[in-house]
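Source: prediction; values computed, not measured. The figures here come from the full heavy-atom set of this structure, side chains too, leaving out hydrogens, waters and symmetry mates.
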Amino acid sequence: MNNYKKYIAESLGTLILVFIGAGAVCANYSLKMTGGQGAGYAWAIVVFGIVVVAVVYATSYISGSHINPAVTISFLFTGRMDAGAAAFYIISQLLGAVIAGFFLRILFPDAVSTVHLGTCALGKGVGFWKAVCIEAIITFLFVFTTYATAVDKRTSKILAGVAIGLVYLFGALVASSISGGALNPARVFGPAVASWHFDYHFVWWLGPVSGGIAAGLLYDKVFPGNPAEKKMSPAK
């Protein structure tokens, strides 16, 4: 039963992240289409960062608050999760993201064929590998911060959510004009399924997953802690 609670927490956490974050993009578009001023894409990124903070504090004691396949796959590669648990985590995350995407489709039908329900897109003139590279870099920083604040048993967890959310926010801002600043395959997958828009979709899997794996392996190599720490991970 405890495992089901973790999977439900991952699904709900990812649903909240995608619904509010991508919903901010859709709402901004709707405001502009109805003659409103709108707040711009940067405002949506700030919303994403704040939601990450909230979800981390809300679900970390249940599931470890991955809400991101890149984090889960990193845990798998560093031995903090077994393959079965990782698979169910990722399925739960993608399910939550897709449900959020279809909620947005119902609420913002005009945003389906225009901003594709807030899914990410490459910047003008940006090539595939440049987008992959920036996603890998910012996700590396995001996951490294997650290990340093939320995973490592030697650090205080009081401000872990704030640190993780801020790195997410600033990373997304840096990458916004290049790749949209996803740092999270599920964040793109949910709106992409609901709007059926998969242009260059592999960018937001290859970049974040490779960056997350690199961050986890480097952290374990450079800042090794107690070997028993892996077994004590709340995501195990």
Side-chain angles (χ1 to χ4, degrees), residues 9-60 65-71 93-94 96-112 114-123 134-135 138-139 141-143 145-146 149-150 159-195 197 204 207-208:
E10 285 296 304
S11 189
L12 287 176
T14 311
L15 188 156
I16 293 168
L17 172 68
V18 175
F19 180 77
I20 296 179
V25 177
C26 297
N28 182 65
Y29 172 79
S30 294
L31 281 173
K32 288 183 177 180
M33 291 301 100
T34 55
Q37 184 175 356
Y41 190 67
W43 171 74
I45 293 175
V46 172
V47 171
F48 263 114
I50 295 172
V51 172
V52 168
V53 174
V55 174
V56 167
Y57 284 123
T59 64
S60 60
S65 195
H66 291 195
I67 58 172
N68 186 336
V71 174
Q93 293 155 3
L94 296 181
V98 169
I99 293 172
F102 278 100
F103 281 161
L104 294 174
R105 185 184 180 98
I106 295 170
L107 295 172
F108 301 99
D110 293 339
V112 174
T114 50
V115 293
H116 307 294
L117 299 176
T119 193
C120 290
L122 301 190
I134 190 65
E135 285 290 329
I138 59 177
T139 308
L141 298 175
F142 172 73
V143 175
T145 302
T146 300
T149 59
L159 295 178
V162 175
I164 292 168
L166 286 176
V167 173
Y168 190 103
L169 190 159
F170 293 131
L173 284 173
V174 168
S176 60
S177 63
I178 300 174
S179 64
L183 298 84
N184 185 341
R187 174 259 179 276
V188 182
F189 183 78
V193 170
S195 64
H197 180 78
W204 296 284

Margin query: Would you say that P185 contacts N68 through its side chain, given a criterion of any heavy-atom pair below 4.5 Å between the two side chains?
Written below: yes

Notebook entry, point to check: How are the rings of H116 and H197 set relative to one another: parallel (under 30°), tilted (30 to 60°) or perpendicular (over 60°)?
Noted result: parallel

Margin query: If I compare all heavy atoms of V188 with all of C120, which pair ends up nearest, and what's the gap?
Written below: CG2-SG, 3.9 Å

Next item on the list: Drop me the distance from F48's CZ to W43's CH2, to the nearest 0.5 angstrom.
Entry: 11.0 Å

Check: Are the side chain of W204 and the backbone of S179 linked by a donor-acceptor contact shorter than 3.5 Å?
Finding: yes

Notebook entry, point to check: Does some side-chain heavy atom of V112 sit less than 4.5 Å from a side-chain heavy atom of S195?
Noted result: yes

Next item on the list: Please lay out, stage by stage, how T59 and L12 fare under the test side chain to side chain contact (heavy atoms under 4.5 Å, CB included).
Entry: CA-CA 9 Å; T59 64; L12 287 176; over 6 Å; no

Notebook entry, point to check: L169 and V46: which non-hydrogen atoms are nearest, and at how many Å?
Noted result: CD1-CA, 3.9 Å

Check: Between A97 and A186, what is the shortest heavy-atom contact and its length?
Finding: CB-O, 3.3 Å

Item checked: Atom OH of Y57 with >12 non-hydrogen neighbours under 6.0 angstrom -> yes

Notebook entry, point to check: If every non-hydrogen atom of D110 is compared with every non-hydrogen atom of Y29, which pair is closest and at what distance?
Noted result: O-CE2, 3.6 Å

Next item on the list: State whether the side chain of Y168 and the backbone N or O of T139 hold a donor-acceptor pair below 3.5 Å, judged by distance alone.
Entry: no

Margin query: Show, in sequence, the C-alpha distance, side-chain angles and deciding distance for F108 and V115, and conclude whether the side chain to side chain contact (heavy atoms under 4.5 Å, CB included) test is met.
Written below: CA-CA 10 Å; F108 301 99; V115 293; over 6 Å; no

Checklist line | I45 side, atom CD1; I50 side, atom CD1 - distance, nearest 0.5 Å | finding: 12.5 Å

Check: Which pair of non-hydrogen atoms, one from A194 and one from F102, has the smallest distance, and what is that distance?
Finding: CB-N, 3.7 Å

Item checked: L17 and V52: CA distance, side-chain angles, deciding distance, side chain to side chain contact (heavy atoms under 4.5 Å, CB included) verdict -> CA-CA 7 Å; L17 172 68; V52 168; 3.7 Å; yes

Next item on the list: I would like to know whether S65 and S60 meet side chain to side chain donor-acceptor pair (under 3.5 Å); could you show each step before the answer?
Entry: CA-CA 4 Å; S65 195; S60 60; 5.9 Å; no

Check: Is there a side chain to side chain contact (heavy atoms under 4.5 Å, CB included) between L107 and C26 once you walk through the steps?
Finding: CA-CA 9 Å; L107 295 172; C26 297; over 6 Å; no

Next item on the list: List the atom of I67, the atom of N184, and the distance in Å for their closest heavy-atom pair.
Entry: O-ND2, 2.9 Å

Item checked: Point-to-point distance, once rounded to the nearest 0.5 Å, from CG of L15 to CD1 of I99 -> 6.0 Å

Check: What's the spacing between T119 OG1 and L104 CG if we round to 0.5 Å?
Finding: 11.0 Å

Checklist line | Spacing of CZ belonging to F170 relative to CG belonging to L141, to within rounding of 0.5 Å | finding: 12.5 Å

